[in-house]
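Worksheet: one structure, shown below.
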Amino acid sequence: MNPDEFSEIHNINDKDMPIQIDANEQIEREKRQNQNSSGIYVNQKLVYVSAQDYGKLPKQGSRIVMDGYLYMVADAIDEGGVYTLTLEVVRA
């Protein structure tokens with residue numbers, strides 16, 4: 001993950017590291033946002049981060065703090081040393 005190319009430095013669990021946020025996929029997901037009857041929205045972010053920078057692959061359902069915001073890990077995949085994390089935040 002090279003911050004001079006496609007990555008940006010973000011703070012995850014009190015540690016600064018370069019990550020990539022897939023904005024195109026995020027836009028598509030926001031178009032498909034689900035709203036339940038109580039008016040609660042689920043927003044997702046697709047994040048790529050180096051396994052070496054992040055550490056142990058987070059478990060589905062675990063919580064992480066990215067840039068001061070609390071997210072739940074909806075999905076986590078190790079793709080040959082790069083983690084693809086689907087992060088979810090619930091908003092009213």
Side-chain angles (χ1 to χ4, degrees):
M1 300 285 160
N2 186 345
D4 293 330
E5 293 179 9
F6 300 109
S7 299
E8 296 177 342
I9 302 297
H10 290 266
N11 186 282
I12 298 181
N13 295 335
D14 294 325
K15 182 178 174 186
D16 290 336
M17 61 188 76
I19 67 168
Q20 292 178 9
I21 298 175
D22 190 334
N24 291 330
E25 179 64 20
Q26 182 178 352
I27 290 168
E28 289 303 313
R29 289 175 185 218
E30 286 176 359
K31 287 180 186 176
R32 299 185 303 262
Q33 257 185 9
N34 294 325
Q35 178 184 14
N36 69 23
S37 60
S38 65
I40 296 175
Y41 292 87
V42 175
N43 187 10
Q44 291 186 332
K45 291 185 182 276
L46 188 63
V47 174
Y48 302 98
V49 61
S50 165
Q52 183 177 355
D53 291 335
Y54 188 88
K56 185 178 176 183
L57 182 69
K59 293 181 180 181
Q60 186 176 4
S62 64
R63 299 182 187 276
I64 68 168
V65 177
M66 184 171 78
D67 298 330
Y69 295 97
L70 181 64
Y71 291 90
M72 184 184 73
V73 177
D75 192 31
I77 302 168
D78 184 350
E79 298 184 33
V82 175
Y83 294 162
T84 301
L85 307 177
T86 303
L87 305 179
E88 237 175 36
V89 63
V90 177
R91 297 185 297 188

Heavy atoms only: give me the nearest [X]-[Y] pair and the separation to one decimal.
| X | Y | result |
| --- | --- | --- |
| Ala74 | Gln60 | O-NE2, 2.9 Å |
| Ala76 | Pro58 | CB-O, 3.3 Å |
| Met72 | Gly61 | CG-O, 3.7 Å |

Separation between [atom1] of [X] and [atom2] of [Y], rounded to the nearest 0.5 Å:
| X | Y | atom1 | atom2 | value |
| --- | --- | --- | --- | --- |
| Tyr48 | Ile77 | OH | CD1 | 9.0 Å |
| Asp75 | Thr84 | CG | OG1 | 8.5 Å |
| Ile19 | Leu85 | CD1 | CG | 8.5 Å |
| Asp22 | Leu46 | CG | CG | 5.0 Å |

Please confirm whether the backbone N or O of [Y] pairs with a side-chain atom of [X], one donor and one acceptor, at under 3.5 Å?
| X | Y | value |
| --- | --- | --- |
| Lys15 | Asp53 | yes |
| Asp78 | Tyr83 | no |
| Gln44 | Leu87 | no |
| Asn11 | Asp67 | no |

Check your understanding: Just wondering, more than 12 heavy atoms not from Glu79 lying within 6.0 Å of its CD?
Key -> yes
Review point. Under the side chain to side chain contact (heavy atoms under 4.5 Å, CB included) criterion, do Tyr71 and Val47 qualify, and how do the steps go?
Key: CA-CA 12 Å; Tyr71 291 90; Val47 174; over 6 Å; no
